[in-house]
Asks: 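Questions regarding the structure given below will be posed in turn.
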Amino acid sequence: MRNEIRIRIRAVNIKNMKAIIFLSIFCVLIPGPIIIGKPGENVPSEWWFECHRDAIAPVYQIDQEVKFRDEPTLYLSGGGKEYADGRWTKEQKINSGEYYKFNVFYKAQKVDEPERCILGRILWLDVQGKQVGEAEYPIFLREKSREGWNMIGQVYLVPQKVNRAKIELVYRWDADGEVRFGGFSFEKSDPVKPRLVRLGTAHYKPHRSTGWQENLEKYAELVRKAAAEKADIVCLPESITMVGTGLGYVQASQPIPGPATDFLGKVARENQIYIVAGILEKSGNEVFNSSVLIDRNGELAGVYHKVSLPREEIDGGITPGNSLPVFDTDFGRIGMMICWDVTFPEVARGLAREGAEIILMPIAGGNLTLASARAIENQVYLVSSTYDMKSAVFDLEGKILVEATHEDPVAVTEVDLNRQKLWPWLGDFKNRIFREIPSGKAVGSK
């Protein structure tokens, strides 16, 4: 049985030396304004502190000085321990089969990897106090409070046979950092509405083409077909301005924005559809293997420069990109990668870290297993459009939902970006990834 510290917070007169001695047995007291609440003060007494072993307990106190909306905050810090791991905890009665919204605000200092070291957690409990199902890890939200505090929040459907939720606000694994939590709530909420998007892919390889315009006219027909099937976005293959023309990378390159993006913009606007397409880009002295995002209004909404170059492209005069941008659309947040990028897990992982829910991948040909793996390991939908691999939409299990072929070159399917995917034994794997990922120090990225 694990050695667990479980101390309920009581009002304490800090002038009472006996109380100080008693508390110091269990925690590290630090100087300054952070103190245990005095009698009569507004102290969140429903919270208590827990950790697995007293040897790894972080510094913990109720902070009466730094408040969130006039309320004391819950403070945790590493206290010089790289291995510190502890949490503020409370339990709350809830109703099974109803929706509840978890929300908490936090402010951190000197924390190198916040999503790994700071987290909220929910344990579902039955009437006997036994855990039901897997723990939940609410997501880090991109918006902030009006005071500039970060937010963690998510809406959950309470599982059957659950009547209580154990809430944990955790700090761990950073010796020098500190965090303050405030403004916690876990209240009934409206159900989560579906966020449906129709994803499309095209499978076509030009042969003996007279040039980029002939290629794009062929692809425009496929875009119109995808739009007729009510696709919100369609992915076209890699280097569509070059394939089949007999030109090299540099010869086939053109500015972005330029003639090809203008052509695709007109097609997108006429069909009210997003388009992702691979284009060779000329920019000053550089040539990039690029992927463009054209929005429904025909505007150039984003450009990605392929970061992983095979030797053939290097020898052909291509320059690698140096960033992994993500883009907001009217249905969700997307990222793009190109062909050889699929070989390296860092590319898709970087896009997922920035909040990409869908990755669209123009590709000449590649490893199908790796494409599936990128979807699984990041819990994103992946859309490939290719010449010599499968042009398909992959789900969060890496399975192909729909495939475009030579015989039927356009495929469209609908997914719900708000649907929570629960894995056997893992629960919500998507929300666990960045909580349990190896540290940057371990993998050499810090």
Side-chain angles (χ1 to χ4, degrees), residues 196-207 209-245 252 254 256-281 289-304 327 329-332 334-339 358-364 381-394 401-415:
L196 303 177
V197 56
R198 292 184 63 80
L199 305 175
T201 181
H203 190 82
Y204 170 71
K205 185 176 183 178
H207 294 279
S209 171
T210 59
W212 68 265
Q213 189 158 359
E214 180 182 332
N215 285 0
L216 266 59
E217 287 172 353
K218 294 289 187 180
Y219 282 112
E221 296 175 10
L222 303 183
V223 171
R224 294 185 188 101
K225 183 176 180 181
E229 296 184 32
K230 299 183 179 179
D232 292 291
I233 189 168
V234 61
C235 188
L236 306 180
E238 180 182 15
S239 304
I240 61 174
T241 50
M242 181 188 75
V243 172
T245 65
Q254 57 179 268
I256 295 177
T261 54
D262 290 346
F263 182 98
L264 292 173
K266 183 174 183 293
V267 175
R269 182 171 58 253
E270 290 174 348
N271 293 276
Q272 285 296 288
I273 190 173
Y274 285 88
I275 298 173
V276 166
I279 294 176
L280 275 304
E281 176 186 358
N289 188 340
S290 300
S291 179
V292 298
L293 171 67
I294 310 294
D295 69 19
R296 296 186 199 269
N297 296 319
E299 300 295 325
L300 178 64
V303 180
Y304 163 66
F327 306 97
T329 69
D330 58 20
F331 53 79
I334 74 156
M336 297 181 283
M337 60 187 195
I338 302 171
C339 199
I358 307 164
I359 294 176
L360 295 108
M361 184 173 66
I363 179 172
Y381 292 95
L382 187 143
V383 184
S384 66
S385 180
T386 178
Y387 307 121
D388 300 310
M389 195 185 79
K390 287 183 181 292
S391 297
V393 178
F394 299 80
L401 294 175
V402 67
E403 178 186 354
T405 64
H406 293 293
E407 295 75 22
D408 191 1
V410 172
V412 178
T413 190
E414 186 173 82
V415 301

Asks: Does Val303 form a side chain to side chain contact (heavy atoms under 4.5 Å, CB included) with Leu300? I'd like the steps, not just the answer.
Replies: CA-CA 8 Å; Val303 180; Leu300 178 64; 4.0 Å; yes
Asks: Check whether Asn271 reaches the backbone of Val267 with its side chain - one donor and one acceptor, N or O, closer than 3.5 Å.
Replies: yes
Asks: Could you tell me whether the side chain of Gln254 and the main chain of Ala260 form a donor-acceptor pair under 3.5 Å?
Replies: yes
Asks: For Pro206, does its backbone N or O pair with a side-chain atom of Ser209 as donor and acceptor, under 3.5 Å?
Replies: no
Asks: If you measure from NE2 on His203 to NE2 on His406, what distance do you get to the nearest 0.5 Å?
Replies: 3.5 Å
Asks: Is any side-chain heavy atom of Leu264 closer than 4.5 Å to a side-chain heavy atom of Ile279?
Replies: yes
Asks: Looking only at non-hydrogen atoms, find the nearest pair between Phe327 and Ala301 and report the distance.
Replies: CD2-O, 3.6 Å
Asks: Is there a side chain to side chain contact (heavy atoms under 4.5 Å, CB included) between Ile359 and Ile334? Walk through the geometry before answering.
Replies: CA-CA 6 Å; Ile359 294 176; Ile334 74 156; over 6 Å; no
Asks: Can you list the steps and then say if Val292 with Ile294 is a side chain to side chain contact (heavy atoms under 4.5 Å, CB included)?
Replies: CA-CA 6 Å; Val292 298; Ile294 310 294; 4.2 Å; yes
Asks: Which heavy atom of Cys339 sits nearest to which heavy atom of Glu238, and what is that distance?
Replies: CB-OE1, 3.1 Å
Asks: Can you tell me how far apart CD1 (Ile256) and OG1 (Thr241) are? Round to the nearest 0.5 Å.
Replies: 8.0 Å
Asks: May I ask you to decide whether Asp388 forms a salt bridge with Lys205, counting only side-chain N to carboxylate O separations under 4.0 Å?
Replies: yes
Asks: Taking the side chain as everything from C-beta on, heavy atoms only, tell me whether Arg269 gets closer than 4.5 Å to Asn297.
Replies: no
Asks: With a 4.5 Å limit on heavy-atom distance, are the side chains of Asp408 and Lys225 in contact?
Replies: yes
Asks: Mark yes or no for whether Thr201, through its side chain, and Ser391, through its backbone, hold a donor-acceptor pair below 3.5 Å.
Replies: no
Asks: Going from CG on Leu382 to CG on Leu199, what distance comes out if it is rounded to the nearest 0.5 angstrom?
Replies: 10.5 Å
Asks: For the pair Phe331 and Tyr274, evaluate ring-ring contact (aromatic ring centres under 6.0 Å, His included) and give the outcome as yes or no after the intermediate values.
Replies: CA-CA 11 Å; Phe331 53 79; Tyr274 285 88; 5.5 Å; yes
Asks: Going through the distances and angles, do Val197 and Val415 end up as a side chain to side chain contact (heavy atoms under 4.5 Å, CB included)?
Replies: CA-CA 6 Å; Val197 56; Val415 301; 3.5 Å; yes
Asks: Taking Glu270 first and then Lys266, would you say they form a salt bridge - that is, a charged N and a carboxylate O separated by under 4.0 Å?
Replies: yes
Asks: Check whether any side-chain heavy atom of Val276 sits under 4.5 Å from a side-chain heavy atom of Leu236, and report yes or no.
Replies: no
Asks: Look at atom NZ of Lys218 and say whether more than 12 heavy atoms of other residues, nucleotides or ligands are closer to it than 6.0 Å.
Replies: no
Asks: To the nearest 0.5 Å, tell me how far Ile233 CD1 sits from Ile273 CD1.
Replies: 8.0 Å
Asks: Side-chain contact test, heavy atoms from C-beta onward, threshold under 4.5 Å: evaluate it for Asp232 versus Arg296 and give yes or no.
Replies: yes
Asks: Once rounded to the nearest 0.5 Å, what's the spacing between atom CG of Leu216 and atom CD of Glu221?
Replies: 11.5 Å
Asks: I need the Met337 CE to Met361 CE distance, nearest 0.5 Å.
Replies: 5.0 Å
Asks: With the side chain counted from C-beta on, respond yes when Thr413 and Tyr381 share a heavy-atom pair under 4.5 Å apart, and no when they do not.
Replies: no
Asks: Would you say the ring centroid of Tyr219 lies under 6.0 angstrom from that of Tyr204?
Replies: yes
Asks: Would you say that Cys235 contacts Ser384 through its side chain, given a criterion of any heavy-atom pair below 4.5 Å between the two side chains?
Replies: no
Asks: Using atom types as modelled and distance alone, determine if a side-chain donor or acceptor of Ser385 lies under 3.5 Å from a backbone N or O of Ala202.
Replies: yes
Asks: Between Glu299 (side chain only) and Asp295 (backbone N and O only), is there a donor and an acceptor less than 3.5 Å apart?
Replies: no
Asks: Kindly indicate whether the side chain of Asn289, heavy atoms from C-beta on, has any atom under 4.5 Å from the side chain of Ser239.
Replies: yes
